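Every chain is numbered from 1 and lettered A, B, ... according to where its sequence line falls, protein lines coming before strand lines. Keep in mind that this is a model prediction, so the values were computed, not measured.
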Number of protein chains: 2
Amino acid sequence: MSTTNSLTVEELGSAAQRDRRKRILDATYELASDGGFDAVQMRAVADRAEVALGTLYRYFPSKIHLLVSALAREFDRNEAMLKEMGPIPGGTAAERVIYIMKRTTRGLQGDPKLTEALTRAFMFADSSVAAEIHTVGMSLTTMLTHAMHSGQPTEHTEPTAEDIAIARVIGDVWLSALMAWVTGRSTAAETGAHLETAVGLLLRD
Amino acid sequence: MSTTNSLTVEELGSAAQRDRRKRILDATYELASDGGFDAVQMRAVADRAEVALGTLYRYFPSKIHLLVSALAREFDRNEAMLKEMGPIPGGTAAERVIYIMKRTTRGLQGDPKLTEALTRAFMFADSSVAAEIHTVGMSLTTMLTHAMHSGQPTEHTEPTAEDIAIARVIGDVWLSALMAWVTGRSTAAETGAHLETAVGLLLRD
DNA sequence: GGTCAATCTAGAACGTGTTCCTATGATGGA
DNA sequence: TCCATCATAGGAACACGTTCTAGATTGACC
């Protein structure tokens, strides 16, 4: 269980295992991006990743785990990108938060099928996926509190309890709005407007 | 398509059809209450309701429709109960809203499996269930705006756009919190606390 | 009562997530 | 080098949502 590697933080395991894991997540990503939740069929993922079905299940114990893990990877990448971006534009916390949300939302809406697949999985997850879900939640909260203080004197202080509470509420609204959009119950414009209203209500400086 | 009936507003159809519909929803309710989402198996529902599988699908085109319809019926009943209850206790809008939310949440948490089944279905619904979802959403929004104004001079005026926006945000938070609770990712206490915080942030009179 | 259309029953059949089994490698220790 | 262990491939098998088919039943209208 350890030969010449342990380079990345990603996951433990041999290079071959890390490679399989990556191939599986890539295949998931492609299928989801192509045809959404329904197109991510376990046999299809296994085929495309060139692993056996049993191996796929050994790496990810369910379709939901698989998709939520893919989502977590996306969030990680998104977070890394944001870090490189420097200070977030906007004169008030509300403006900066809205900027970030719109940016992220636009990214998601640019790949609707993928977003549908990931959001669905997120919503359907049970406690066995709690760890992955928590990762995503923390990622989102961090992103939001960061936006609130970005470029401010308070930038490098810990977010207050109220900051975190507000971030969580915004996260909830965002998830609901995304859900409504993904399921075709509201348009992209409505989603954006609702989000903006919510941020306005919560962050009246 | 009309002999001696058309008594209730419930649904169109003969008495036998209304009866079947009720038996199906009752069976759904019982199975959900017993074993949650997974226990609501279409064959089991059909058996318990004493209808054929094909008939079940004729009444409800999918498991999700079935569960969301059951949820809508519960919300109707809840709304009727609230109407009979008279003015909602609490000196501020926030207090009244929290009162209502806690009351409803407590009701749901008293039957965790049922709540799990209904919430899951709600989250998994796509646009083909939009109508039912919209019903539930309106029901919730109405309940909340009503609570905000209950016993106030403004009681019988239309809720403002801001009222509705706030109600929607609270609804979003509630759904997320319920989701987290249902999937075992947070406790009942945490759910309540988060909700209370959110209401406090949104309704600082 | 007789007829027709709609509805219902019973159950087979199909698709996809999940589990399980066996044979075949890969790996690491003696 | 040889052995013990464990991961993988390949694919059958199973569970449950959904669809489909064939025949019985019902109810409206003559």
When the distance from NE2 of A/H65 to P of C/dT18 is rounded to whole Å, what number comes out? 10 Å
If you check the B/K63 side chain, which of D/dT18, C/dT18, D/dT8 turns out closest? D/dT18
B/F37 CZ to D/dC16 P: how many Å, rounded? 13 Å
Within this structure, what is the CG-to-P distance between A/L53 and C/dC21, rounded to whole angstrom? 15 Å
Judged by each residue's nearest nucleotide on DNA chain C, which is more toward the 5′ side, A/M42 or A/G54? A/M42
Per atom distances to the B/Q41 side chain, the nearest of C/dT18, D/dT18, D/dC16 is D/dC16
Hey, are B/K113 and B/D38 close enough for a salt bridge, meaning a charged N less than 4.0 Å from a carboxylate O? no
Using only heavy-atom distances, determine whether the side chains of B/D111 and B/S33 contain a donor-acceptor pair under 3.5 Å. yes
Test your reading of the model: is there a side-chain donor-acceptor pair from A/S150 to the backbone of A/I88, 3.5 Å cut-off? yes
Should A/T55 be listed as having a side-chain N or O under 4.0 Å from OP1 or OP2 of D/dA9? yes
Can you find a side chain N or O atom of B/Y59 that sits less than 4.0 Å from OP1 or OP2 on C/dC8? yes
Any donor-acceptor pair under 3.5 Å between the side chain of B/R20 and the base of C/dT7? no
Pick base, sugar-phosphate or nothing for B/V40, based on heavy-atom distances below 4.0 Å to the nucleic acid. sugar-phosphate
Mind telling me whether A/F124 and B/F124 have parallel, tilted or perpendicular rings, with 30° and 60° as the class edges? tilted
Where the side chain of B/R43 is defined as all heavy atoms beyond and including C-beta, which of D/dA7, C/dT7, C/dA13 is the nearest nucleotide? C/dA13
Could you give the CZ-to-P distance, from B/F124 to C/dG17, as a whole number of Å? 11 Å
In this structure, how many angstroms lie between the C1' atom of C/dA6 and the CD atom of B/Q17, rounded? 9 Å
Atom CD1 of A/I24 and atom P of D/dA9 are separated, to the nearest Å, by 9 Å
Taking atom types as modelled, find out whether B/H65 and B/S62 have a side-chain donor-acceptor pair closer than 3.5 angstrom. yes
What is the distance, rounded to the nearest whole Å, between atom CZ of A/F60 and atom P of C/dT18? 13 Å
So for B/R58 and C/dT9, does any side-chain atom that can act as donor or acceptor lie under 3.5 Å from a complementary atom in the base? no
Under 4.0 Å between a side-chain N or O of B/Y57 and OP1 or OP2 of D/dC20? no
Taking atom C1' of C/dC8 as reference, at what distance in whole Å does atom CZ of B/R23 sit? 11 Å
